[in-house]
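Start at 1 with the first residue, then count along the sequence. Read the numbers this way: they start at 1 and go in the same order the structure lists the ligands and their atoms.
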Amino acid sequence: MKIIEILREASRRIYENVKDLAGTDDAAGDFGRGAGGDISRNIDIVAEKTVIDYFKEIGFECVILGEECGRVELSDKPKGYVIMDAIDGSANAVRGVPFFCSSLAFSTENRLSAITDGVITNLSNGEMYWASKGMGAFLNETKIQVHCKDPIYKIVGINTSGASSELMKKLYPIFEQHNHTRHFGANALEMALFARGFMDIFIDLREKIRIQDIAAGYLIVKEAGGLLLDSNMKTLDADLGYETRLSFIAAANEEILKDVMSQIK
Ligand code: IPD
Ligand code: CA
């Protein structure tokens, strides 16, 4: 079985197991702090267990780097790393806001740039975004790409959750000059919507995003033709460590990148 098929099946199983759980009291159960530093909720644990059980069932030889479970070695001869955010947008999932997803990526080495496969499933409707390196990006079975034409409405995604007042001051001109700024609360799914052409640029300069929140989106954006840069406007890359926190900019093309980023103070 190809790695992308393994990740897609694991993601499908998460959808089946959590689709009726979101927004219920049962979703919120507190399991203490996970490896990523946030409180693990019951819905996070159910989703992670689904993936771990499936990998054990098929004997998938890998090391899992999970947001809640931490590093789980399923073999002493692993083929690579599975970077797992079984529920991205946990606050939305617990409250029942229909914008949360699962994010699974496979990497052959300890770097974002070594990711070969990624899957993001919208857990409120089952839509699956996926990519394998060099093969393009897909929504279910249809190829997707970032928005190429001049947009009728320019949609600017900006993650401002927990942003410092200093960062908000820097970003202010963007809010002033664009009437359609958006932030939905699940980074991986926002990257998938960007890759699909629903946004023209997506910016997160908070230095807070974890590897688990970005890994699958990294490959899907690249394979959909998007530019992916760090806050120094260099090609985005990082190690897969639990301490790593990132800023990034995903842009549909150089023109919108220059246009929006030149507005930052
Ligand atoms: C969070 C979401 C959110 C982003 C946070 C992440 P989680 O992931 O992606 O959009 O603003 O920085 O931690 O905790 O729901 O997996
Ligand atoms: Ca999570």
message: I want to confirm something. Looking only at heavy atoms, which of Asp88, Asn187, Asp38 is nearest to atom 1 (C) of ligand 1?
response: Asp88
- prompt: With Tyr54, which residues qualify under ring pair (Phe, Tyr, Trp, His ring centres under 6.0 Å), at least two apart?
  reply: none
query: Can Lys169 be said to sit on top of Tyr172's aromatic six-ring, NZ or CZ under 6.0 Å from centre and within 45° of the ring axis?
result: no
- prompt: Under 3.5 Å, N or O to N or O, is Ala91 touching ligand 1 that way?
  reply: no
message: Over 60° means perpendicular and under 30° means parallel, so tell me whether Tyr153 and His180 are parallel, tilted or perpendicular.
response: perpendicular
statement: Closest to atom 15 (O) of ligand 1 (heavy atoms only, candidates Gly89, Gly162, Ser103) is Gly89
- request: Say whether Ile87 and ligand 1 are in contact under the criterion: heavy-atom distance to a ligand atom below 4.0 Å.
  value: yes
field: Glu67 neighbourhood, listing ligand 1 atoms whose heavy-atom distance to it stays under 4.0 Å
entry: 7 (P), 14 (O), 16 (O)
query: Asp230 side chain to Leu236 main-chain N or O, any donor-acceptor pair under 3.5 Å?
result: no
- prompt: With only distance considered, is Ala188 within less than 3.5 Å of ligand 1 through an N or O on each side?
  reply: no
field: Gln212 touching ligand 1 at heavy-atom level, < 4.0 angstrom
entry: no
field: For Ser90, the ligand 1 atoms whose distance to one of its heavy atoms is below 4.0 Å
entry: 15 (O)
message: His183 versus ligand 1: do any nitrogen or oxygen atoms come within less than 3.5 Å of each other?
response: no
task: Answer with side chain, backbone, both or neither: which part of Ala186 has a heavy atom less than 4.0 angstrom from an atom of ligand 1?
output: backbone
query: Arg210 and salt bridge (Lys or Arg N to Asp or Glu O under 4.0 Å): which partner among Asp204, Asp88, Asp38?
result: Asp38
- prompt: Do any nitrogen or oxygen atoms of Lys208 lie less than 3.5 angstrom from nitrogen or oxygen atoms of ligand 1?
  reply: no
message: Between Asn122 and Ser124, is there a side-chain donor-acceptor contact under 3.5 Å, judged purely by atom types and distance?
response: yes
Proximity to ligand 1 by part of Asp204, non-hydrogen separation under 4.0 Å: neither
- prompt: In this structure, which one of Asn17, Ile14, Leu21 forms a side chain to side chain contact (heavy atoms under 4.5 Å, CB included) with Leu123?
  reply: Ile14
message: Between Asp200 and His147, is there a side-chain donor-acceptor contact under 3.5 Å, judged purely by atom types and distance?
response: no
statement: Excluding Ile203, membership of its hydrophobic cluster (Ile, Leu, Val, Met, Phe, Trp, Tyr; side-chain heavy atoms within less than 4.5 Å) reads Val156, Ile158, Leu167, Met168, Leu171, Ile174, Phe175, Ile201, Leu205, Leu227, Leu229, Met233, Ile249, Ile256, Leu257, Val260, Met261, Ile264
Close-contact set for ligand 1 against Asp85 heavy atoms, below 4.0 Å: 16 (O)
- prompt: Any idea which part of Asn92 is under 4.0 Å from ligand 1, heavy-atom wise: side chain, backbone, both or neither?
  reply: neither
